[in-house]
Q: 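Please find one structure pasted underneath; my questions will follow.
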Amino acid sequence: QVQLVESGGGLVQPGGSLKLSCAASGSIFRLNTRGWYRQAPGKQRELVATISSGGSTNYADSVKGRFTISRDNTKNTHYLQMNTLKPEDTAVYYCNVQWRLSKQYDYWGQGTQVTVSS
């Protein structure tokens with residue numbers, strides 16, 4: 001089985017920073033893409049950032065220049081460094097690992113709350 005364990009969420013003031021971690025275990029295909037998604041109350045889940053096995057990244061326009069996604073394959077963990085946080089960043093953040101062989105595989109973390117408020 002595949003398990004993703006998230007950590008690093010919390011309450012921060014506007015302009016502050018947080019770093020989220022997603023530790024993976026289990027049978028994961030080497031050529032996988034890792035990502036972060038978020039969902040605010042009453043809103044659709046949206047993509048925040050992804051990083052491919054080769055290191056290519058993609059970011060939502062709303063977080064470009066403020067957030068950085070990275071991965072450490074030795075630790076089987078990926079991260080989201082969030083800087084200059086805004087109240088509109090408040091959401092539950094979910095990490096994701098996915099790949100395709102004969103079918104699509106998607107695995108999700110349990111979610112971690114990020115609240116940006118003064």
Side-chain angles (χ1 to χ4, degrees):
Q1 66 170 356
V2 173
Q3 183 178 21
L4 306 180
V5 179
E6 302 181 37
S7 61
L11 173 65
V12 296
Q13 296 181 346
S17 298
L18 283 174
K19 187 174 184 178
L20 307 182
S21 298
C22 180
S25 62
S27 298
I28 300 173
F29 183 54
R30 191 170 300 273
L31 301 181
N32 62 80
T33 294
R34 301 189 175 224
W36 292 93
Y37 297 73
R38 67 187 182 187
Q39 187 167 27
K43 303 293 180 62
Q44 296 184 134
R45 182 174 62 185
E46 65 174 346
L47 184 149
V48 177
T50 62
I51 183 166
S52 73
S53 60
S56 297
T57 57
N58 183 50
Y59 297 92
D61 288 342
S62 60
V63 307
K64 285 181 179 177
R66 299 188 297 120
F67 291 11
T68 302
I69 188 171
S70 61
R71 62 192 290 166
D72 185 334
N73 292 324
T74 300
K75 296 181 179 179
N76 207 9
T77 299
H78 66 283
Y79 307 91
L80 185 69
Q81 177 66 53
M82 304 184 292
N83 298 324
T84 319
L85 283 160
K86 304 175 180 180
E88 52 262 45
D89 295 318
T90 296
V92 177
Y93 285 69
Y94 298 91
C95 65
N96 167 266
V97 178
Q98 62 181 275
W99 67 90
R100 172 172 284 184
L101 293 174
S102 59
K103 66 176 183 178
Q104 181 72 26
Y105 294 82
D106 280 88
Y107 296 93
W108 295 90
Q110 294 175 288
T112 186
Q113 177 71 47
V114 172
T115 302
V116 185
S117 177
S118 59

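No experiment lies behind these values; they were computed from the predicted model shown.
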Q: Between the side chain of Arg71 and the main-chain N/O of Thr33, is any donor-acceptor distance below 3.5 Å?
A: no

Q: Following the transitive rule for hydrophobic clusters with a side-chain heavy-atom cut-off under 4.5 Å over Ile, Leu, Val, Met, Phe, Trp and Tyr, establish whether Tyr93 and Val5 coincide in one cluster.
A: no

Q: Out of curiosity, does Leu20 fall in the hydrophobic cluster containing Ile51 (side-chain heavy atoms, cut-off under 4.5 Å, transitive links)?
A: yes

Q: With a 4.5 Å cut-off on side-chain heavy-atom distances among I, L, V, M, F, W and Y, is there a chain of contacts connecting Ile69 to Val63?
A: yes

Q: Once ring pair (Phe, Tyr, Trp, His ring centres under 6.0 Å) is applied, do any residues pair with Tyr59, and if so which ones, sequence neighbours excluded?
A: none

Q: About how many Å separate OG1 of Thr84 and CZ of Phe67, when rounded to the nearest 0.5 Å?
A: 9.0 Å

Q: Which atoms form the tightest heavy-atom contact between Val114 and Met82, and what is the distance?
A: CG2-CE, 3.9 Å

Q: List the atom of Pro14, the atom of Ser118, and the distance in Å for their closest heavy-atom pair.
A: CD-N, 3.7 Å

Q: Hey, is the main chain of Val97 close enough, under 3.5 Å, to the side chain of Asp106 for a donor-acceptor pair?
A: no

Q: Considering residues at least two apart in sequence or located in another chain, which fulfil the salt bridge (charged side-chain N to carboxylate O under 4.0 Å, His left out) criterion with Arg66?
A: Asp89

Q: Testing the basics here: between Ala40 and Thr90, what is the closest heavy-atom pair and its distance to 0.1 Å?
A: CB-O, 3.7 Å

Q: Tyr94 vs Trp108 aromatic rings, parallel, tilted or perpendicular, using cut-offs 30° and 60°?
A: perpendicular

Q: Mark yes when over 12 heavy atoms from residues, nucleotides or ligands other than Gln104 sit less than 6.0 Å from its CD; otherwise mark no.
A: yes

Q: Compare every heavy atom of Glu6 with every heavy atom of Gly111, then report the nearest pair and how far apart it is.
A: N-OE2, 3.0 Å

Q: Measuring from atom OG1 of Thr112 to atom CG of Leu80, what distance do you get when rounded to the nearest 0.5 angstrom?
A: 11.0 Å

Q: Using a 3.5 Å distance criterion without hydrogens, assess whether the side chain of His78 forms a donor-acceptor pair with backbone atoms of Gly35.
A: yes

Q: Check each of Asn96, Asn76, Thr50 against Arg34 using the side-chain hydrogen bond (donor to acceptor under 3.5 Å, both in side chains) test, and report the only one that passes.
A: Asn76

Q: Hey, is the main chain of Tyr79 close enough, under 3.5 Å, to the side chain of Trp36 for a donor-acceptor pair?
A: yes

Q: When rounded to the nearest 0.5 angstrom, what is the spacing between CG in Asn32 and OG in Ser52?
A: 9.5 Å

Q: Any luck finding a side-chain donor-acceptor pair between Ser17 and Asn83 under 3.5 Å?
A: yes

Q: With rounding to the nearest 0.5 angstrom, report the OG to OH distance, Ser27 to Tyr107.
A: 8.5 Å

Q: Please report the closest heavy-atom contact between Leu85 and Val12, naming both atoms and the distance.
A: CD1-CG2, 3.5 Å

Q: Please report the shortest heavy-atom distance between Leu31 and Ser53, naming the atom on each side.
A: CD2-OG, 3.8 Å

Q: Quick one, Ile28 and Tyr105 - any side-chain contact, counting heavy atoms below 4.5 Å?
A: no

Q: Considering residues at least two apart in sequence or located in another chain, which fulfil the side chain to side chain donor-acceptor pair (under 3.5 Å) criterion with Glu46?
A: Arg38

Q: Strictly distance-based, threshold 3.5 Å: is any side-chain N or O of Asp72 a donor or acceptor partner for the main-chain N or O of Thr77?
A: no

